[in-house]
There are 2 protein chains.
Amino acid sequence: MTSPHRPATLDDVARLADVSRSTASRVVAGTGFASPAARERVRAAVDRLGYAPNPAARALARSAGVRLVVAVSGATRDVLDDPYVDRVVGAAAAACAPYPAGVVLHWLPLHDPAALGRVAEDRGVAGVVLVNTTEPLLDAIPARLRGRVASIGIGSATVPSFDVDNAGGASQIVHHLYASGRRRIAMVTGPRWLSCAGRSVGAYRRIMRAAGLPVRLVTGDFTAARGRAAAGELLARWPDTDAVFAVSDLTALGVIAGLRETGVRVPGDVAVAGFDDIPHAALSSPGLTTASHPVGPIAAAAATAVLEGRPVAPVTSFPSTLVRRTSA
Amino acid sequence: MTSPHRPATLDDVARLADVSRSTASRVVAGTGFASPAARERVRAAVDRLGYAPNPAARALARSAGVRLVVAVSGATRDVLDDPYVDRVVGAAAAACAPYPAGVVLHWLPLHDPAALGRVAEDRGVAGVVLVNTTEPLLDAIPARLRGRVASIGIGSATVPSFDVDNAGGASQIVHHLYASGRRRIAMVTGPRWLSCAGRSVGAYRRIMRAAGLPVRLVTGDFTAARGRAAAGELLARWPDTDAVFAVSDLTALGVIAGLRETGVRVPGDVAVAGFDDIPHAALSSPGLTTASHPVGPIAAAAATAVLEGRPVAPVTSFPSTLVRRTSA
DNA sequence: TTGAAAGCGCTAACAG
DNA sequence: CTGTTAGCGCTTTCAA
């Protein structure tokens, strides 16, 4: 049945089901009591009218928000240009469909802990999904946001974490490099301020030490440009390096480009591995060996957790699986 | 001034400014009359209280929506996985920040024109941004959505179009290929059902005919997998092909991969050009020659147009600029 | 188990 | 130019 012009309201449903608006509300929202009979009649009416609650009205009455903020911290506004961020937003926006909310993208300047406070002021905010979460940020979660924040990355007592098993993934990569005969394995890390990236570094360190191999670290920032530069730095400092593990595919691709520019063959002279398995990793040549991470599902889970508002496990870990291609 | 606990409402502002709620509303919303004096007092109160309108309440009163739907048509739900779609959603989500709306991502099954109607039923919808717009879709815009739809691609009398100059971009590419000595230029197109892709095909056809060169078309679908396959088909049908223009970078990258697998050198034997300039086009090797398109700004413009609700030009064209790298 | 009634915060006629 | 008066559609006590 196509509604004529004005979409059905709860009143229409109540009238058709011959119950009060309150009862209809309870049934539709799935909250509170209702006799099976009433429940059934309301259900039928909803179907017949093609009724869908008005998100704005609902949000207003519940004094809840209508916007799910994806907040990305970083030094400059450019962090928003990352395809990874787009992926997160895309997945969150798809996850929003069943809920009365939509996604807004925000930049959280790294050294402005009050930024999140300003986001919280906005009564339109249903919740926040943090990307590139830092410790200071977790310490500065505004009280108003309690229970409506999730983090893609590190979490805290009050902020559930949805993240990939960084340490496990990094171990797999390093072990793979080692197993294929590499011994001078360098690592291009994430930015210093991002502590979840630290877990991969820890794993790398542990393995290298255990094997009695040298630890060679260069700080990166997840960009391709940085990878290209890092390649030069690495070669200058440790000319005998025979493998590079970059904690971002983009960076790894940059490393490969940089290496090649100076005549180094990949993987012949130096093996290169990345992290994340972005779509392009499969297409580059050589194909990039990396760890595959379900970014979409992670983002969807975080978004759903916030939207549902129910308590969730403090940490939800997603698997990191090694993808062997030809670069390493 | 940090608000104590409960964020300020319009009533608080009105009280502090010593005007009626209506006057305060008029000033804040920038609609209707108000004496300079009143205006000033309200402004001050807003500042002092850190007042921000409640989007849900506003949407409810105006009976407007709170969600900006990015609707992507395609054969299967997989179209949503495209990085291009993510880019559009990301830009739209950033553009939403100043408005009381958030982005939701929807799939419009290709052969279900009623799908958009269902989206329109939802009173929570502020507007729709169409991606991969088809003619049948434009013909089936529900009346309820009139004036709140924009298209990234082809438009119509009632739906403004925000798009790149496809024909111009394609011409540049083909001319570049021709100028660099290629004469057996094949093209991997977009899917048949997508007519805006047709404009690039038209441009290609025109140039080839004018130059007395053979037209060689293979249908694609914007994916890398298709590109890989297309490479084989091309070579089988027209072994002397010396250049391929794919209307998608992903496809072009696939073509390169496919070509290489069969021992063909790029750009030595066959030059390959793409379209869009995705982030990875710069990183592949050889670097992909392509046309750069401001997807972010296009999406932001479309989103803003819908959100503003003001009439806009029927067609807003964005430039396509040739980016010469090494693949062609 | 149900319904009546009172808002949630804002906008929009319509008198003054 | 300004204030009064009704709602927008839904949730939620509180009695019945």
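Order of the sequence lines fixes the chain letters, A, B, ..., with proteins taken first and strands second; residue numbering starts at 1 for each chain.
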**Prompt:** Taking atom types as modelled, is there a side-chain donor on T23(B) or S20(B) under 3.5 Å from an acceptor on the other?
**Reply:** yes
**Request:** Please report, rounded to the nearest Å, how far the P atom of dC10(D) is from the CG atom of L49(A).
**Result:** 11 Å
**Request:** Measure from CG on L10(A) to P on dC8(D) and round the result to the nearest Å.
**Result:** 13 Å
**Prompt:** Does a side-chain N or O from S25(B) land closer than 4.0 Å to OP1 or OP2 of dA12(C), or not?
**Reply:** no
**Asked** Which part of the nucleic acid, if any, lies within contact of V19(A), taking any heavy atom under 4.0 Å across all strands shown: a base, the sugar-phosphate backbone alone, or nothing?
**Response** sugar-phosphate
**Request:** Between P36(B) and A24(A), name the one whose nearest nucleotide on DNA chain D is closer to the 5' end.
**Result:** P36(B)
**Prompt:** What nucleotide, of dG9(C), dG7(D), dA6(C), holds the atom closest to the side chain of R21(B)?
**Reply:** dG7(D)
Please list, pair by pair, any protein nitrogen or oxygen found under 3.5 Å from a nitrogen or oxygen in nucleotides 13-16 of chain C.
none

**Request:** Would you check if W107(A) and D78(A) make a side-chain contact, meaning some heavy-atom pair closer than 4.5 Å?
**Result:** no
**Asked** Quick one: does V128(A)'s side chain get under 4.5 Å of R148(A)'s, heavy atoms only?
**Response** no
**Request:** Please state how far atom CG in D12(A) lies from atom C1' in dC10(D), giving the value in whole angstrom units.
**Result:** 13 Å
**Prompt:** What residue among V295(B), V129(B), N132(B), V164(B) forms side-chain contact (heavy atoms from CB on, under 4.5 Å) with I152(B)?
**Reply:** V129(B)
**Asked** Any ion pair linking R87(B) and D82(B) (charged N to carboxylate O, less than 4.0 Å)?
**Response** no
**Message:** A side-chain contact here means heavy atoms from C-beta on lying under 4.5 Å apart; do Y99(A) and E308(A) qualify?
**Reply:** yes
**Message:** Expressed as a whole number of angstroms, how long is the span from R39(B):CZ to dT2(D):P?
**Reply:** 9 Å
**Asked** Is D112(B) paired with R118(B) through a side-chain N to carboxylate O contact shorter than 4.0 Å?
**Response** yes
**Request:** Indicate yes or no: at least one non-hydrogen side-chain atom of L49(B) is less than 4.5 angstrom from one of L16(B).
**Result:** yes
**Request:** Let me know, please, whether V28(A) or A38(B) comes out on the 5' side of the other along DNA chain D by nearest nucleotide.
**Result:** A38(B)
**Request:** Using a strict 4.0 Å threshold on nitrogen-to-oxygen distance, state whether D12(B) and R48(B) make a salt bridge.
**Result:** no
**Message:** Distance check needed: dG9(C) P versus R15(B) CZ, whole Å only.
**Reply:** 11 Å
**Asked** So does T23(A) get a side-chain nitrogen or oxygen closer than 4.0 Å to the phosphate oxygens (OP1/OP2) of dG3(C)?
**Response** yes
**Request:** Check the distance between dT11(C)'s C1' and F33(B)'s CZ and give it to me in whole angstrom.
**Result:** 16 Å
**Item:** R41(B) (side chain) donor-acceptor with D18(B) (main chain) under 3.5 angstrom
**Value:** yes
**Asked** Got a minute to check which stems DNA chain D is part of, using Watson-Crick or G-U wobble pairs under 3.5 Å, three or more consecutive?
**Response** C:1-16 with D:1-16
**Request:** Would you tell me if any nitrogen or oxygen in the side chain of T9(A) comes within less than 4.0 Å of OP1 or OP2 on dG9(D)?
**Result:** no
**Message:** Please list, in numerical order, the residues of residues 53-64 of chain A that have a heavy atom closer than 4.0 Å to any atom of DNA chain C.
**Reply:** L60(A), A61(A)
**Request:** Kindly indicate whether the side chain of C96(A), heavy atoms from C-beta on, has any atom under 4.5 Å from the side chain of L307(A).
**Result:** yes
**Prompt:** With a 4.5 Å heavy-atom cut-off, do T134(A) and S73(A) have their side chains touching?
**Reply:** yes
